[in-house]
Amino acid sequence: MDGVPCLRVSQCHAQQLRRCLQSRGALDLGLSLLKDSDETVLLPIASSRLPHLDLLSLRTTLAPDGTFEIVWSQSPLQSKKVRTGANKLERILQEWLEPQGERWTEELRGDLPRSFQRHGDLLLLGERCFSLPLWKKMDQQIWSAVARALGAKRLAKMSRISRDGFRSPVVTMLVGEHSWVKHVDNGISYEFDVTRCMFSAGNITEKLRVAAFDCTGETVVDLYAGIGYFTLPYLVHAGASRVHACEWNPDAVKALQKNLEANGVSDRCTIHQGDNRQLQLCDIADRVNLGLVPSSEDGWPVACRLLNRTAGGILHLHHNVTSSHGASGRKAAREAWRAWADGAARRIASLLKEVTGAPWTTNTQRIEGVKSYAPRVHHVVLDLECRPS
């Protein structure tokens with residue numbers, strides 16, 4: 001994701017949370033706090049510390065009644081420290097341009113990276129930097145200098161998300177011989193190839209929430225498993241008896257197999273490779289996770305077939321909800337979330353009746369905000385309890 005991770009909190013909690021984050025080394029001191037338009041404050045988080053924060057505990061103890069969510073800001077205020085680092089990169093590039101008779105311009109400065117993803121010694125640049133034609137002339141030696149200036153040994157650049165049906169990233173390795181990386185979230189190790197698989201650090205709050213579930217004795221189906229974003233928390237921390245992980249991207253399946261073994265839980269997971277709409281399972285699940293955005297709606301009929309028909313279960317439906325034009329602020333967003341959730345609950349009840357031939361009751365347990373993509377677009381999760389009437 002292109003942007004800087006920030007914790008959006010109510011102004012009344014901002015200073016207390018700022019002090020707490022700073023004491024834990026999680027506050028990005030290279031960036032300044034931002035006041036948002038809806039009486040909230042953005043606290044910039046150091047990307048390397050985000051996976052290790054106990055956000056659930058922070059919210060419970062320091063901000064139980066206010067705004068508390070991870071967002072990705074495109075325009076944080078940079079401190080003198082960061083500007084100095086940017087100047088170092090500028091100097092390297094200017095020294096390269098001079099012998100070629102090229103002049104340093106504001107357009108070139110505006111095309112430099114302002115944010116990136118860091119995975120160990122590999123730094124992944126977003127698609128919004130180094131996009132001008134001039135940069136295509138850069139050779140390996142200059143890219144190596146850029147990597148050093150940014151504190152990395154390996155350097156890669158994202159172009160876009162592929163339309164291959166697998167949401168594979170289009171990533172070019174600029175420096176380094178291999179593209180496999182290791183990322184640790186909440187004590188769980190994820191390994192993947194950055195040129196083949198997506199990794200969203202912005203889902204950390206939802207992964208922590210899943211990890212806090214008590215799934216003892218439960219059978220869980222993860223319809224969009226990827227490299228194990230949610231499959232692993234269900235197994236490692238939530239204690240699920242068995243997880244059926246569905247994934248159709250062969251590169252993600254390869255990483256998922258590796259991650260299950262690395263975390264010692266492969267014996268409790270069955271991988272189903274291919275289109276989950278063709279899944280032959282039914283009537284087995286206590287819980288179904290549908291972690292696909294912008295919408296998981298294509299998986300709803302499958303999820304309804306999977307639920308235990310005697311006891312029912314819980315569906316976790318992910319969706320990007322957009323507030324109406326002209327609406328702004330937290331209240332408007334919450335109203336949009338509730339309207340979508342009510343519609344989803346009615347649709348699920350209808351699907352369950354079609355599948356089983358009997359009426360079902362659906363009940364919204366929780367609507368959880370995961371992250372914001374824009375002022376009016378929020379990734380949310382609906383926890384929907386479904387029981388036969």
Side-chain angles (χ1 to χ4, degrees), residues 1-6 22 25-34 42-51 71-161 169-183 194-195 198-202:
M1 179 175 295
D2 201 5
V4 175
C6 297
Q22 187 169 348
L27 189 70
D28 190 337
L29 299 176
L31 298 173
S32 302
L33 280 63
L34 274 178
L42 299 183
L43 303 174
I45 306 295
S47 299
S48 61
R49 297 300 304 158
L50 179 61
V71 299
W72 294 77
S73 174
Q74 303 297 327
S75 55
L77 296 177
Q78 293 191 340
S79 72
K80 183 177 180 181
K81 177 182 175 182
V82 171
R83 288 196 296 270
T84 301
N87 289 340
K88 181 180 178 181
L89 180 57
E90 282 189 30
R91 286 197 302 272
I92 290 172
L93 295 172
Q94 287 178 36
E95 290 171 2
W96 168 71
L97 288 169
E98 240 177 58
Q100 303 186 49
E102 297 285 354
R103 195 167 50 85
W104 186 253
T105 64
E106 283 301 316
E107 185 181 24
L108 291 173
R109 179 178 288 111
D111 202 34
L112 296 183
R114 288 177 172 77
S115 61
F116 39 74
Q117 295 181 27
R118 190 180 294 276
H119 301 289
D121 67 354
L122 185 146
L123 192 143
L124 179 60
L125 301 171
E127 61 179 312
R128 298 180 184 179
C129 65
F130 289 120
S131 58
L132 296 173
L134 177 64
W135 305 124
K136 294 180 181 179
K137 301 178 183 178
M138 290 173 67
D139 57 24
Q140 184 69 28
Q141 187 176 359
I142 298 302
W143 283 122
S144 295
V146 169
R148 288 194 299 272
L150 296 174
K153 292 183 179 178
R154 292 182 289 162
L155 189 67
K157 186 178 184 301
M158 174 87 73
S159 295
R160 62 187 183 281
I161 303 300
V170 177
V171 173
T172 302
M173 288 296 296
L174 302 172
V175 179
E177 295 181 357
H178 70 94
S179 51
W180 276 80
V181 298
K182 181 177 180 180
H183 196 97
V194 294
T195 67
M198 292 289 293
F199 186 88
S200 177

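Residues: numbered from 1 along the sequence shown.
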Taking distance alone, no hydrogens or angles, what donor-acceptor pairs closer than 3.5 Å link side-chain atoms of residues 129-139 to residues at least two apart or in another chain?
residue, atom, partner, partner atom, Å
S131, OG, D111, OD1, 2.8
W135, NE1, D111, OD2, 2.7
D139, OD1, Q141, N, 3.3
D139, OD1, I142, N, 3.0

Item to complete: Taking all heavy atoms of V171 and all of M158, pick out the closest pair and write down the distance.
Response: CG2-SD, 3.9 Å
Worksheet entry | Minimum heavy-atom distance C6-P44, with the two atoms named | SG-CA, 3.9 Å
Practice prompt. Check side-chain hydrogen bond (donor to acceptor under 3.5 Å, both in side chains) between E107 and all other residues, then give those that pass, not counting sequence neighbours.
Written response: none
Worksheet item: Sequence neighbours excluded, which residues qualify as side-chain hydrogen bond (donor to acceptor under 3.5 Å, both in side chains) partners of E102?
Response: none
Worksheet item: What pairs with E177 under salt bridge (Lys or Arg N to Asp or Glu O under 4.0 Å), at least two apart in sequence or on another chain?
Response: none
Which value, rounded to the nearest 0.5 Å, describes the distance between [X] atom [atom1] and [Y] atom [atom2]?
{"X": "L97", "Y": "E95", "atom1": "CG", "atom2": "CD", "value": "10.5 Å"}
{"X": "R128", "Y": "L112", "atom1": "CZ", "atom2": "CG", "value": "16.0 Å"}
{"X": "T195", "Y": "K157", "atom1": "OG1", "atom2": "NZ", "value": "15.0 Å"}
{"X": "L155", "Y": "L122", "atom1": "CG", "atom2": "CG", "value": "7.5 Å"}

Response to the item:
So the ring pair (Phe, Tyr, Trp, His ring centres under 6.0 Å) pairs with at least one residue in residues 88-111 (sequence neighbours excluded) are none
Practice prompt. Could I get the full list of side chain to side chain contact (heavy atoms under 4.5 Å, CB included) partners for E98, not counting sequence neighbours?
Written response: none
Tell me which donor-acceptor pairs under 3.5 Å the side chains of residues 143-154 have, and how far apart each pair is, sequence neighbours excluded?
residue, atom, partner, partner atom, Å
S144, OG, Q140, O, 3.0
R154, NE, D121, OD1, 3.0
R154, NH1, H178, O, 2.8
R154, NH1, H178, ND1, 3.2
R154, NH1, W180, O, 3.1
R154, NH2, D121, OD1, 2.9
R154, NH2, W180, O, 3.3

